[in-house]
Number of protein chains: 2
Amino acid sequence: MTQRRARLIDVADAAGVSIAAASRAMSGSTGVSDAIAARVRRVAGEMGYVANVHARTLAGGASTTIGLLVHEIGDPYFTEIAGGVLRLGAQQGLTVQIGHTGRDPDAELTQVRALVANRVRAIVIAGSGFVDAAVQAPVKAELQAFQAGGGRVAVIGRHHLGADAVLPDNHAGGRSLAEHLLALGHRRIAFAVGSRALTTVADRLAGIAEALASAGLDLDDLPVVEEEFTRAGGRRATHAILDAHPDVTAIAALNDDMAIGVLAALRARGVSVPGEVSVSGFDDVPVAEYLWPALTTVRLPMAEMGEQVLELALKPASSRPRRRLTGHSLVVRDSTAAPRG
Amino acid sequence: MTQRRARLIDVADAAGVSIAAASRAMSGSTGVSDAIAARVRRVAGEMGYVANVHARTLAGGASTTIGLLVHEIGDPYFTEIAGGVLRLGAQQGLTVQIGHTGRDPDAELTQVRALVANRVRAIVIAGSGFVDAAVQAPVKAELQAFQAGGGRVAVIGRHHLGADAVLPDNHAGGRSLAEHLLALGHRRIAFAVGSRALTTVADRLAGIAEALASAGLDLDDLPVVEEEFTRAGGRRATHAILDAHPDVTAIAALNDDMAIGVLAALRARGVSVPGEVSVSGFDDVPVAEYLWPALTTVRLPMAEMGEQVLELALKPASSRPRRRLTGHSLVVRDSTAAPRG
DNA sequence: CTGAAAGCGCTTACAG
DNA sequence: CTGAAAGCGCTTACAG
């Protein structure tokens, strides 16, 4: 019942040529007459021949698959990035393997090893690094070995991995956002943030602190509630903030997912947005503009970041890691306004 | 500069055993003394040895990667499904390749071929099929050949692919939804739907038609606006509906993404929900409960569906395709209410 | 252009 | 248990 698929040798036989000629015809490389190439391809098509990637790669052909590691595909930030990678990958005839890391260094290491085992052409890692560099030392070592062996690595938002990197404009974005809230007149601002062990959170907060300082405010004097970097986390953070600081006029969530939770919690408590409390997010995920009120946020070009990081990964290695800054833009919608006189 | 990775032969040499023994030690198969196995693994660890999957698979080892095809990873329905597949896959030590089909039969065929070329253990396809079976004939043929060669295939929501299938409860879900709207007293209901060439749309609509018929209504007498199966599509459909039928009391979108667009469009036109118009979705994507108003919808267990379809794909082939129905539940939230007296 | 042959890095019968 | 050897399905120098 299990019937073998046609192999290259079968195609070659059927076409009456050597396996070498058939190989050249199928891989589209030079050194075959057009006539033979055409014949081989026709025969292959008729036989339903599909080259075995394992054999091809093992024999020295370049790998056609790339590995992508994300925190969690269901997090819209990563969904968008993955979309960009998949789009450009398909366009380049590349296959993409995706794995979850769950922001767990051990899981990340396991996933990296799996990609190494698959001898992928390049490994792309998206997602915040850890402020504590020691945590990611094993992964870094594995990636270095992979690169030493000719593999390529490119990352999004990981500063210290010794690889080409696309760097989201977290610091400047944080600053823009805080400036916006300050310009509206807010002073009693609370922050709903993910784990400060993440560089993403640390960087965004640093930018915010900078803007606050320019306005004579100290971030340390303001409520910063650390929670899960999710909708549920935003919801919980909001209750904590309102319970302890009922007089806040704005809540800045450090990503849109949290902001969605903030909006829901405020609604549940009957607090009007932006009438009583302004709310802002970060990332500008696709649904942000559809929320009610439409979310003021900092836009990061996530899908493009996905394409850019793959572009970097496809370039030959350079003597020193490349860095590409993303830029950002403040998107003011309906969820922020001046505080009530 | 490019330094070779350690091969199994290098490990074997360093451990002072044959390559066969080393292979057995590393793959965890039987036929090696514990002492040797332990030594080999220690040496391998020290050398940073990571087995080459291509060589392993080519030599006859079972493939450890599975292929997943989705319409578009950014569509939350597929995001959830992919999450389920990735989660179970990681747990089983499997690697997952993901590709976009964009609901384009040609792209789907290309992606299937790529997975076949990679000799994946199983191919999982999520996403609506086409009412016109002819459209997917080439893909079906390719999948049959793949299965004939010992590959496994499992699908979500594709009836006619001759493979194990997880079948979303589209028909019954549609009926539940329509019954809910009818029970509230709605009669002038409009539908914002994706392409009717998709079985998903056809099935949901059929269930709806059935419920309407029981209430003495004919779906053909009601406005059904076909648009892109997206937020933007929902927005456009809403404008079309309100322009042509300003007296509707409810708009049922056939997925949550469209419903999100419907809500936004109604807001833009100053129509209150559910005061003037009730709105419902389908799927219960994670953000649905966070919307304002929180969305009434039909819940499909998407993440579980992802796990289930992978489970099916990992089982040995059966004589005839297995089918697994998902069930559904109506989730009534704040976006539906009785029409205004 | 064309083809015979070596080799990629493993696994798995087959002997011992 | 242990190892020598064949073979998986390709690609790529190397000759012709």
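Labels below follow one simple rule: chain letters A, B, ... track the order of the sequence lines, proteins then strands, and each chain is numbered from 1. Values below: every heavy atom of this structure, side chains too, minus hydrogens, waters and symmetry copies.
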Expressed in angstrom and rounded to an integer, what is the separation of [X] atom [atom1] from [N] atom [atom2]?
X: B/R39; N: D/dC1; atom1: CZ; atom2: P; result: 15 Å
X: A/H54; N: C/dG7; atom1: NE2; atom2: P; result: 24 Å
X: A/D13; N: C/dA4; atom1: CG; atom2: P; result: 11 Å
X: B/M26; N: C/dT11; atom1: CE; atom2: C1'; result: 14 Å
X: A/R119; N: D/dT11; atom1: CZ; atom2: C1'; result: 18 Å
X: A/R56; N: C/dG7; atom1: CZ; atom2: P; result: 22 Å
X: A/R24; N: C/dG3; atom1: CZ; atom2: P; result: 9 Å

| query | Out of A/H54, A/R56, A/R119, which residue meets the side-chain hydrogen bond (donor to acceptor under 3.5 Å, both in side chains) rule with B/H54? | reply |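 Exactly one candidate clears the test, A/H54.
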
| For the side-chain hydrogen bond (donor to acceptor under 3.5 Å, both in side chains) test, which of A/R324, A/K315, A/R152, A/Q147 pairs with A/D164? |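 Looking at A/R324, A/K315, A/R152, A/Q147, the match for A/D164 under the side-chain hydrogen bond (donor to acceptor under 3.5 Å, both in side chains) is A/R152.
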
| request: With DNA chain C as reference, determine whether A/I19 or A/T30 sits nearer its 5' end, using the nearest nucleotide of each. | output: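 Of the two residues, A/T30 wins.
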
| task | Starting from the 5' end of DNA chain C, give me the residue, B/G60 or A/A55, whose nearest nucleotide shows up first. | result |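 The residue closer to the strand's 5' end, by nearest nucleotide, is A/A55.
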
| query | For the side chain of B/H100 and the backbone of B/I73, is there at least one donor-acceptor N/O pair under 3.5 Å apart? | reply |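 Side chain of B/H100 to backbone of B/I73, a donor-acceptor pair under 3.5 Å: yes, one is there.
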
| query | Would a distance-only check, ignoring hydrogens and angles, find a side-chain to backbone donor-acceptor pair under 3.5 Å from B/E72 to B/G74? | reply |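 It does hold such a pair.
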
| query | How is B/A21 classified with respect to the nucleic acid when contacts are heavy atoms under 4.0 Å: base, sugar-phosphate, or nothing? | reply |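 Sugar-phosphate: the residue B/A21, judged by heavy atoms under 4.0 Å, touches backbone atoms but no base.
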
| Base, sugar-phosphate, or nothing: which does A/S23 touch, judged by heavy atoms less than 4.0 Å apart? |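 Base, at least one base heavy atom under 4.0 Å.
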
| said: Distance criterion of 3.5 Å, no angle test: do you see the side chain of A/R5 paired donor-to-acceptor with the base of D/dG9? | reply: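 No, the side chain and the base share no sub-3.5 Å donor-acceptor pair.
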
| said: Around atom CD of B/E304, are there more than 12 heavy atoms from other residues, nucleotides or ligands closer than 6.0 Å? | reply: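 At most 12 heavy atoms, drawn from other residues, nucleotides or ligands, come within 6.0 Å of this atom.
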
Choose from [options] the nucleotide whose nearest atom is closest to any side-chain atom of [X].
X: A/N52; options: C/dT11, D/dC10, C/dT2; result: D/dC10
X: A/A20; options: C/dT11, C/dG3, D/dG9; result: C/dG3
X: A/A59; options: D/dT12, C/dT11, D/dG9; result: D/dG9
X: B/R7; options: D/dC10, C/dG9, C/dT12; result: C/dG9

| request: Using heavy atoms to find the nearest nucleotide of DNA chain D for A/A62 and B/V17 separately, return the residue whose nucleotide is more 5′. | output: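 Nearer the 5' end of the strand: B/V17.
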
| field | Residue closer to the 5' end of DNA chain D, B/G31 versus B/L58 (nearest nucleotide) | value |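 Taking each residue's closest nucleotide, the earlier one in sequence belongs to B/G31.
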
| said: Requiring both pairing distances under 3.5 angstrom, list the stems that contain DNA chain C and are made of three or more consecutive Watson-Crick or G-U pairs. | reply: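 Listed by first number, the stems are C:1-3 with D:14-16, C:5-12 with D:5-12, C:14-16 with D:1-3.
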
| Spacing of CE belonging to A/M305 relative to OH belonging to A/Y77, to within rounding of 0.5 Å |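 So the CE of A/M305 and the OH of A/Y77 are separated by 3.5 Å.
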
| query | Is B/R87 salt-bridged to B/E311, cutoff N-O under 4.0 Å? | reply |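 Looking at B/E311 together with B/R87, the answer is no, because their closest N to O distance does not fall below 4.0 Å.
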
| field | Stepwise side-chain hydrogen bond (donor to acceptor under 3.5 Å, both in side chains) test for A/S128 and A/T199 | value | CA-CA 6 Å; A/S128 181; A/T199 54; 3.2 Å; yes

| task | For D/dT2, take OP1 and OP2 only and decide whether either is under 4.0 Å from a side-chain N or O of B/S33. | result |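 So the side-chain polar atoms of B/S33 do come within 4.0 Å of the phosphate oxygens OP1 or OP2 of D/dT2, strictly under.
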
